[in-house]
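The structure under discussion appears below in the form of structure tokens.
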2 protein chains.
Amino acid sequence: MGIETVISDEVLEQRIRVAGLKPTRQRLGLGRLLFNGISRHVTADELFGEAVNTGVPVSLATVYNTLRQFVDAGLLREVLAGPGRSYFDTDISHHHHFYHVDENRLEDLPIGVVSVESLPQPPTGSEIERVDVVIRLRRQ
Amino acid sequence: MGIETVISDEVLEQRIRVAGLKPTRQRLGLGRLLFNGISRHVTADELFGEAVNTGVPVSLATVYNTLRQFVDAGLLREVLAGPGRSYFDTDISHHHHFYHVDENRLEDLPIGVVSVESLPQPPTGSEIERVDVVIRLRRQ
DNA sequence: TTTTTAATTTAGAATAGTTCTAATCCATTG
DNA sequence: CAATGGATTAGAACTATTCTAAATTAAAAA
């Protein structure tokens with residue numbers, strides 16, 4: 001089930017360096033949790049919990065800082081689904097999401113399953129940053 | 001520009017009653033601000049500000065309660081755009097949005113401008129609550 | 001290697017948006 | 001008009017996130 005390409009320490013370090021960031025213990029530890037080859041959707045809190053559980057020495061503030069830096073560097077994508085919570089998606093390819101309202105959980109839609117047709121011209125002076133499609137699901 | 005159908009007090013009261021709510025001074029006052037015939041996108045805070053300015057006697061807590069009740073009753077639609085802020089849209093017809101990231105502002109897309117093709121089958125046990133499309137815009 | 005420098009991390013405070021609580025108020029019913 | 005139960009309120013509490021200022025550490029310079 002799924003190809004688990006565990007990222008090597010060298011590749012991870014390189015990826016962080018390329019982003020213009022020092023490969024500190026904290027960034028390496030969080031990067032290892034995030035980029036373990038499986039596409040993931042985590043909140044800052046969840047990632048902090050994992051870090052604590054696996055002995056990555058990091059504070060919650062640094063988790064927030066690191067997530068933001070990784071997003072800015074294009075290593076992660078931020079997804080808004082529920083109010084008041086950001087999800088961070090390790091799959092940065094163009095795709096959309098199911099959001100399970102009852103479970104507060106994001107799930108990828110396969111690429112191409114939803115296509116947004118005929119994007120409108122953005123108002124003058126504006127450019128499209130991205131298009132978010134979230135299909136909200138509730139238990140039947 | 002735009003058809004300003006100011007809602008009559010009787011219609012407003014009836015609408016609130018049909019939703020199973022008592023037409024209190026606060027609900028009538030907020031309803032008058034919301035359903036003034038123009039399609040609006042407000043946050044709780046903005047609506048509270050308007051209420052204060054126009055002499056509607058209401059607390060912030062009641063603004064939140066009322067917005068939630070109106071959403072549950074189908075009189076309003078909640079739109080998630082920026083993290084940590086909910087917008088309430090008085091236009092409950094099926095349509096999507098531009099979100100001006102730099103201005104924290106929502107704008108309607110005309111109906112039909114974006115069409116989501118070939119909705120995927122939701123996972124068993126789940127049903128689609130709704131499909132949100134937000135086109136995020138930034139200044140060029 | 002040691003020193004220096006600047007980036008990074010940190011605990012805890014601060015903030016923003018929202019919900020909760022428990023007392024008071026008021027619209028409706030009898 | 002009194003009783004009743006829903007509605008409103010101020011303020012506390014809560015959640016997610018950002019900020020602050022001091023301490024730490026990675027990288028560069030010596």
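All chains are named by letter (A, B, ...) in the order of the sequence lines, taking the proteins before the strands, and each is independently numbered beginning at 1.
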Value in whole Å for how far the C1' atom of dG17(C) lies from CG of L47(B): 15 Å

Any residue of residues 13-24 of chain B with a heavy atom less than 4.0 Å from an atom of DNA chain C: R17(B), K22(B), P23(B)

N/O donor-acceptor pair under 3.5 Å between S126(A) side chain and P122(A) backbone: no

Lys/Arg N to Asp/Glu carboxylate O, D108(B) vs R40(B), below 4.0 Å: no

Distance, rounded to the nearest Å, where L60(B) contributes CG and dG17(C) contributes P: 10 Å

Sugar-phosphate, base or nothing in reach of T43(B), heavy atoms under 4.0 Å: nothing

Atom-pair distance (OH on Y64(B); P on dG17(C)), nearest Å: 7 Å

Note: R77(A)-D132(A) ion pair, threshold 4.0 Å (strictly below): yes

Residue A44(B), side-chain atoms from C-beta onward, closest of dT18(C), dA26(D), dT9(C): dT18(C)

Between dC25(C) (C1') and R25(B) (CZ): distance, integer Å: 10 Å

Short side-chain N/O contact from R85(B) to OP1 or OP2 of dT18(C), under 4.0 Å: no

N-O pairing of D9(A) and R32(A) below 4.0 Å: yes

Parallel, tilted or perpendicular: ring planes of H95(A) versus H41(A), cut at 30 and 60 degrees: tilted

Whole-Å gap separating C1' (dC19(D)) and CZ (R68(A)): 13 Å

ILVMFWY network linking L12(B) to L67(B), side-chain heavy atoms under 4.5 angstrom: yes

Upstream residue (5' side of DNA chain C) when V63(A) and Q26(B) are each assigned their closest nucleotide: V63(A)

S59(B) side-chain N/O to dT8(D) phosphate OP1/OP2 under 4.0 Å: no

Length of the line joining D45(B):CG and dA16(C):P, which is rounded to integer Å: 10 Å

More than 12 heavy atoms of other groups within 6.0 Å of Q140(A) CD: yes

Separation of atom CG in L67(A) from atom P in dT18(D), rounded to whole Å: 10 Å

dT8(C) phosphate, OP1 or OP2, under 4.0 Å from T62(A) side-chain N/O: no

Between P of dA16(D) and CD of E46(A), the distance in whole Å: 10 Å

